[in-house]
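Comments concern the structure below.
Numbers here are sequence positions counted from 1. Note: hydrogens, waters and symmetry copies are ignored here, and every other heavy atom, side chains too, is used.
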Amino acid sequence: MDISTQEIERIVKSVVAGLSKETSANEFSTITSYTATESPPKRNIKGEWGVFEDVELAIEAAYKAQIDWVTHYKIYERQRVIENIRRIARQNIETWCHLIIEETQMGRYEDKLEKHLAVINSTPGPECLITEAMTGDSGLMLEEYAPFGVIAAITPTTNPTETIINNTISMIAGGNAVVFNVHPRAKKVCTLCLQTLNKAILEAGGPENLITMTREPSLENVDKLAASPQIRLMVGTGGMGMVNKLLHSGKKTIGAGAGNPPVIVDETADIELAASQIYKGASFDNNILCFAEKEVFVVSSHLQGFIYNMKKQGAYLIENHQIHTLLEKVFVLKTDGNYDVNKDWVGKDATCILESIGIYAPKECRLIICEVPANHPFVMVEQLMPILPIVRCENFEEAMQKAVLAEQGNRHTASIFSKDVNHMTQFARAIETTIYVKNSATMAGVGIGGEGHTTMTIAGPTGEGITCARSFTRRRRCMLAEGGLRIV
Ligand code: NAD
């Protein structure tokens, strides 16, 4: 290849200038690949607080950060970094919640604040990585939780920054770094959140680029993440299409997919309690949460009392002739004759949905209720809207059978209002959900108003359940023969 003296001079100058700024090997290769007449395209190789133009660069940066994180940082230093993430996130949640609503057009500001506080305060750090030890005649055995390395995390539009905060704390607590592929419809707020968390990590003395993302998230990037040898684990939080795709990627996957949580109200239930808890849960953030109550099966003896109490809470009951009009408005009829959700209405306020069909409810109304048969699309399709269908059932057995059908094998979340222990147990065994709540709103099952830690990644399909740092680690065993460290 012919190369002029000027060209050599230009390259040398570029290299020297680059080296003085601690230029990486990647930058060197971009400098040398252009001729003097071409100006290289702008490529932000160093990233902007974890945000990169190319997914390969995002992976590379996270890969380096993870090696640094696991080699040079002790557990107490991981704790210090995570505490700073919590502190800085707390300072920013009002801004993020306003931006989420602006960008996604879904949900309720005050509920988003509560969700953020739950993940910030109740996502465990490295303290949940408890070493197990066993000693005996044959020596000492230790099992410890080791990082995977770099994790690719796919996040949903319904809990965009909540999932980033929650996944970041859990995954870096386990010694990992993370490359996020966020939902394109929440990319602005996710970018801001990720950059802020990276600043918090750096401020607390942590490595740069411990969490990264691409400026433009895309499905192609998900494929590249799955194909990269530097990515050791895929974690998908979102709809079943995405989770199934990851499960077929050939890479170890933790999948947190869709739910359609049914609730049973049996003949022994305290219906005032049931109505207040179901109203709270089903209207929280306009029902965009995967674990929120989506349909209720009520025994006929309690139906009128239950509806009366739901209205007392503030729910708006639509009449039979209005149900089809509402269905046509918020759902779309597919060519196969089935209905699907019209995404324009996902996460909208109940009053706004009602207005669209000419009903003007009090502005405090947070939930629409209607009585429908068990096979109605409002029951069978995961709506993510504040519309709660109620199904009349002859008895508990019928309620249980219909609830299992409505849940459709997602094995995600279910609840029951009952004082009958046998009913509680029977339904738990039949429904097999990851989260099973008795006599409370289902969000109690992720630590919002209930005991236990919080997560925004409920891994039902792959079995990790209510994820925490432990879920994102590998168990490793160390065996020391008898005569080593035993003291008895
Ligand atoms: P979604 O499936 O549309 O998107 C989720 C993520 O997957 C996004 O980042 C999106 O870009 C990506 N994605 C979508 N299709 C993909 C494909 N074919 N290949 C690769 N990536 C793809 O979901 P959403 O609307 O953002 O979120 C709502 C859904 O997520 C609901 O079904 C809800 O139940 C579920 N969800 C589950 C959990 C859980 O913990 N189990 C938590 C939140 C949301």
Side-chain angles (χ1 to χ4, degrees), residues 21-22 24 26-27 43-73 77-97 99-100 103 116 119-120 123 125-126 147-155 159-183 186-217 221 225 230-231 235 456 469 472:
K21 288 188 287 168
E22 295 179 1
S24 70
N26 275 337
E27 281 174 286
R43 221 165 156 246
N44 193 345
I45 288 155
K46 283 197 185 296
E48 284 171 23
W49 297 103
V51 179
F52 291 82
E53 306 302 327
D54 292 353
V55 71
E56 285 84 5
L57 296 174
I59 297 171
E60 189 61 40
Y63 183 75
K64 284 183 188 149
Q66 196 270 334
I67 292 170
D68 190 12
W69 184 231
V70 84
T71 315
H72 299 119
Y73 292 81
E77 289 168 307
R78 284 190 204 172
Q79 287 280 21
R80 188 183 62 211
V81 166
I82 288 169
E83 280 318 306
N84 207 41
I85 287 177
R86 296 189 206 274
R87 188 179 69 83
I88 298 290
R90 249 177 239 123
Q91 289 171 2
N92 283 276
I93 56 174
E94 289 171 8
T95 310
W96 294 339
C97 291
L99 288 175
I100 294 170
E103 192 174 3
H116 277 80
V119 292
I120 291 168
T123 303
F148 273 92
V150 185
I151 300 174
I154 322 301
T155 59
N159 306 317
T161 50
E162 298 91 322
T163 309
I164 290 187
I165 299 165
N166 168 253
N167 282 184
T168 295
I169 295 175
S170 295
M171 292 172 185
I172 71 168
N176 305 287
V178 197
V179 182
F180 284 97
N181 193 74
V182 305
H183 198 290
K187 68 180 178 189
K188 286 189 208 146
V189 69
C190 287
T191 303
L192 181 65
C193 173
L194 183 131
Q195 290 179 320
T196 309
L197 298 193
N198 263 325
K199 285 177 193 170
I201 293 169
L202 223 68
E203 189 185 87
E208 62 177 352
N209 299 321
L210 197 53
I211 55 173
T212 65
M213 65 181 277
T214 47
R215 189 170 299 286
E216 294 301 329
N221 282 349
L225 287 163
Q230 287 172 321
I231 299 290
V235 178
M456 287 292 133
F472 306 111

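Met213 and Cys190 make their closest contact through SD-O, 4.1 Å (heavy atoms, listed as atom of the first residue, atom of the second, distance). Minimum heavy-atom separation, Glu48 to Arg215: OE1-NH2, 3.1 Å. Listed here is the closest heavy atom pair of Asn176 and Phe148: OD1-N, 2.8 Å. When all heavy atoms of Ile85 and Ala200 are compared, the pair lying nearest together is CA-CB, 4.1 Å. Pairing each heavy atom of Ile120 with each of Ile169, the nearest pair is O-CD1, 4.4 Å. Nearest heavy-atom pair across Tyr73 and Gly206 is OH-C, 3.3 Å.
Residue Leu194 holds its CG atom at 6.5 Å from OG1 of Thr168, rounded to the nearest 0.5 Å. In this structure, the separation between OG1 on Thr163 and CZ on Phe180 is 8.5 Å, given to the nearest 0.5 Å. One finds the CG atom of Leu99 at 13.0 Å from the CD1 atom of Ile93 (value rounded to the nearest 0.5 Å). Distance check: Ile164 CD1 to Met456 CE gives 13.5 Å after rounding to the nearest 0.5 Å. With values rounded to the nearest 0.5 angstrom, Lys64 atom NZ is found 9.5 Å from Glu208 atom CD. Interatomic distance, Glu103 CD to Thr191 OG1, rounded to the nearest 0.5 Å: 8.0 Å.
Contact annotation: the side chain of Val51 approaches that of Gln195 to within less than 4.5 Å [non-hydrogen atoms, C-beta and beyond]. Side-chain atoms of Ile82 and Pro126, non-hydrogen and from C-beta on, do get closer than 4.5 Å to each other. Within the 4.5 Å cutoff, the side chain of Leu202 has heavy atoms near those of the Trp49 side chain. The closest side-chain heavy-atom distance from Thr123 to Ile165 is not below 4.5 Å. Residues Gln66 and Gln230 form no side-chain contact, since every pair of their non-hydrogen atoms from C-beta on lies 4.5 Å or further apart. Contact annotation: the side chain of Glu162 never approaches that of Trp96 to less than 4.5 Å [non-hydrogen atoms, C-beta and beyond]. Contact annotation: the side chain of Ser170 approaches that of Asn166 to within less than 4.5 Å [non-hydrogen atoms, C-beta and beyond].
Annotation: Lys188, atom NZ; neighbour count of heavy atoms from other residues, nucleotides and ligands within 6.0 Å does not exceed 12. Other residues, nucleotides and ligands contribute over 12 non-hydrogen atoms within 6.0 Å of the CD atom of Glu77.
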**Request:** Kindly determine whether Asn92 and Thr196 satisfy side-chain hydrogen bond (donor to acceptor under 3.5 Å, both in side chains), including the steps that lead there.
**Result:** CA-CA 9 Å; Asn92 283 276; Thr196 309; 4.9 Å; no

**Asked** Yes or no on side chain to side chain contact (heavy atoms under 4.5 Å, CB included) for Asn167 and Met171, after CA distance, side-chain angles and deciding distance?
**Response** CA-CA 6 Å; Asn167 282 184; Met171 292 172 185; 3.7 Å; yes

**Request:** Check the pair Glu56, Thr214 against side chain to side chain contact (heavy atoms under 4.5 Å, CB included), reporting the backbone distance first and the verdict last.
**Result:** CA-CA 9 Å; Glu56 285 84 5; Thr214 47; over 6 Å; no

**Item:** Full working for side chain to side chain contact (heavy atoms under 4.5 Å, CB included) between Ile100 and His116
**Value:** CA-CA 12 Å; Ile100 294 170; His116 277 80; 3.6 Å; yes

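Here Arg80 does not pair with Glu83 in a salt bridge; the nearest charged N to carboxylate O distance is not below 4.0 Å.
Looking only at distances, no side-chain donor or acceptor of Asn198 sits under 3.5 Å from a matching main-chain atom of Thr212. A side-chain donor-acceptor contact under 3.5 Å links Trp69 to the backbone of Ile172.
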